[in-house]
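This structure is a prediction, so every number in the text was calculated from the model and none was measured.
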Amino acid sequence: MTTTTTDLWHHYGRTRAATDRTVPAEFCWSWSQNSGPGAEVLGDLSGRIVGDLGAGAARHAAHLATERQPFRVIAVDASPAQYAMATDLFGHLAPRLHIVGSDVLDHLQTMVRSYDVLYSVFGAVDFTDPRKLLPAMSAALQPGGRLVFSTLAHYLSGAPAQPDAVAAEIPARTPDGGATTLRRWVLQEHVWTKLLDEAGFTGIGIDVLPACKGPRAAHTLLVTASRPKD
């Protein structure tokens with residue numbers, strides 16, 4: 001089901017969508033979106049079912065659907081505005097790209113053992129309680145399935161990431177432009193490792209992608225893990 005709360009992602013990506021309707025030629029994990037490894041981190045996607053959690057305008061999902069020959073990429077986002085934007089931009093890529101307007105946890109509960117690969121690029125992993133999300137991801141993956149996500153290695157202010165699984169309130173805007181906040185999880189590497197282990201993942205790896213120069217530059221954590229085979 002779609003969210004009934006205030007859509008705090010109403011404004012995100014609108015400026016770009018007005019001028020850029022193309023499927024991205026590259027897939028980037030880094031915060032700067034112009035460096036580091038690409039879609040190869042996800043492994044061979046041929047014939048696979050892939051989920052993008054917190055997909056926004058579905059640009060990453062559109063790239064995979066057109067360039068990596070999956071059976072289907074399912075792009076999930078709770079924001080009605082992002083769902084509408086993604087559908088307008090890339091709805092023509094159906095059925096290989098399936099765009100879903102849903103709370104991520106609600107969606108995963110309907111997809112037990114359905115996904116071969118799940119990923120998030122500064123998406124649902126950043127904005128959903130990981131103590132709920134990671135176990136739901138594990139349950140939605142088939143045995144041997146792969147999880148990959150990128151997340152901030154520190155706050156954009158430069159402050160260090162949290163040493164425990166706690167969220168911080170960060171600025172956001174309501175659809176009418178009013179100021180508000182939303183919760184974001186910015187956690188240290190050992191915290192992600194502990195949470196993934198508790199959720200049943202194995203083969204956990206974390207790489208730090210260095211920040212590029214520019215305003216609001218940030219290092220990125222690129223996290224990989226697998227659901228054990230039965």
Exercise. State whether the side chain of His154 and the backbone N or O of His219 hold a donor-acceptor pair below 3.5 Å, judged by distance alone.
Key: yes

Does the side chain of Val23 reach to within under 4.5 Å of the side chain of Glu67, using non-hydrogen atoms? no

Do any N or O atoms from the side chain of Arg173 and from the backbone of His10 form a donor-acceptor pair under 3.5 angstrom?
no

Smallest heavy-atom separation, Ala61 atom then Val73 atom, equals CB-CG1, 3.6 Å

On a heavy-atom basis, the closest approach of Asp230 and Pro143 is OD2-CG, 3.3 Å

| request: State, with a plain yes or no, whether a side-chain heavy atom of Thr193 is found less than 4.5 Å away from one of Asp197. | output: no

Side chain of Asp129, backbone of Arg131: donor and acceptor closer than 3.5 Å? yes

Closest non-hydrogen atoms of Val166 and Leu187, given as atom of the first, atom of the second and distance, are O-CD2, 3.6 Å

Between Thr87 and Tyr83 (side chain of the first, backbone of the second, donor and acceptor by atom type, cut-off under 3.5 Å), is there such a pair?
yes

One should read off an interatomic distance between Asp126 CG and Thr151 OG1, to the nearest 0.5 angstrom, of 3.5 Å

Legend entry - Pairwise side-chain contact, Gln162 with Gln188, heavy-atom cut-off 4.5 Å (strictly under): no

Q | Polar side-chain atom of Gln33 near backbone of Cys28 as donor-acceptor pair, under 3.5 Å | A | yes

Q | Donor-acceptor contact present, side-chain Asp77 to main-chain Gly56, <3.5 Å | A | yes

Q | Within 6.0 angstrom of Gln69 CD, more than 12 heavy atoms from elsewhere | A | yes

Report whether Leu134 and Val50 are members of the same hydrophobic cluster (ILVMFWY, side-chain heavy atoms less than 4.5 Å apart, transitive linking).
no

*Donor-acceptor pair, side chain of Thr128 and main chain of Val125, under 3.5 angstrom*: no

Nearest heavy-atom approach of Ala81 to Arg14 is CB-NH2, 3.8 Å

* Main-chain N/O of Gly145 paired to Arg227 side chain as donor or acceptor, under 3.5 Å -> no

Between Arg48 and Leu42, is the side chain to side chain contact (heavy atoms under 4.5 Å, CB included) condition met? List the steps.
CA-CA 11 Å; Arg48 302 297 182 90; Leu42 294 168; over 6 Å; no

OG1 of Thr181 to CD1 of Ile170, rounded to nearest 0.5 Å, is 8.5 Å

Would you say Leu222 and Ile206 make side-chain contact, with heavy atoms under 4.5 Å? no

Between the CG atom in Leu97 and the OG1 atom in Thr66, the distance rounded to the nearest 0.5 Å is 9.0 Å

In this structure, OG of Ser150 is separated from OH of Tyr119 (nearest 0.5 Å) by 10.5 Å

Q) Is there a side chain to side chain contact (heavy atoms under 4.5 Å, CB included) between Thr180 and Thr6 once you walk through the steps? A) CA-CA 10 Å; Thr180 186; Thr6 300; over 6 Å; no

Thr174 backbone acceptor or donor facing His11 side chain under 3.5 Å: yes

Handout entry: side chain to side chain contact (heavy atoms under 4.5 Å, CB included) between Arg16 and Met85, worked out
Key = CA-CA 11 Å; Arg16 180 178 179 183; Met85 189 184 306; over 6 Å; no

> Do the side chains of Pro24 and His60 get nearer than 4.5 Å, heavy atoms only?
Replying inline: no

Separation between CG (Leu105) and CE (Met137), nearest 0.5 Å, reads 9.0 Å

All heavy atoms of Ala39 vs all of Arg68, minimum pair found to be CB-NE, 3.7 Å

Below 30° counts as parallel, above 60° as perpendicular, anything between as tilted: where do the rings of Tyr115 and His107 land? tilted

With Trp192 as partner, the option from Phe201, Phe149, Trp185 fulfilling ring pair (Phe, Tyr, Trp, His ring centres under 6.0 Å) is Phe149

In short, Pro37 meets Leu209 closest at the heavy-atom pair CD-CD2, 3.8 Å

Distance col, row Glu26:CD vs Asn34:CG, nearest 0.5 angstrom, shows 9.0 Å

Checklist entry - Looking only at atom types and distance, does a side-chain atom of Asp116 sit under 3.5 Å from a main-chain N or O of Ile49, one as donor and one as acceptor? => result yes

Exercise. Describe, in one word, how the ring planes of Phe122 and Trp31 are oriented to each other, choosing from parallel (under 30°), tilted (30 to 60°) and perpendicular (over 60°).
Key: perpendicular

Arg59 vs Phe90, side chain to side chain contact (heavy atoms under 4.5 Å, CB included): CA-CA, chis, key distance, verdict:
CA-CA 8 Å; Arg59 293 185 183 275; Phe90 304 119; 3.8 Å; yes

key: Side chain to side chain, Gln82 and Ile99, heavy atoms closer than 4.5 Å   = no

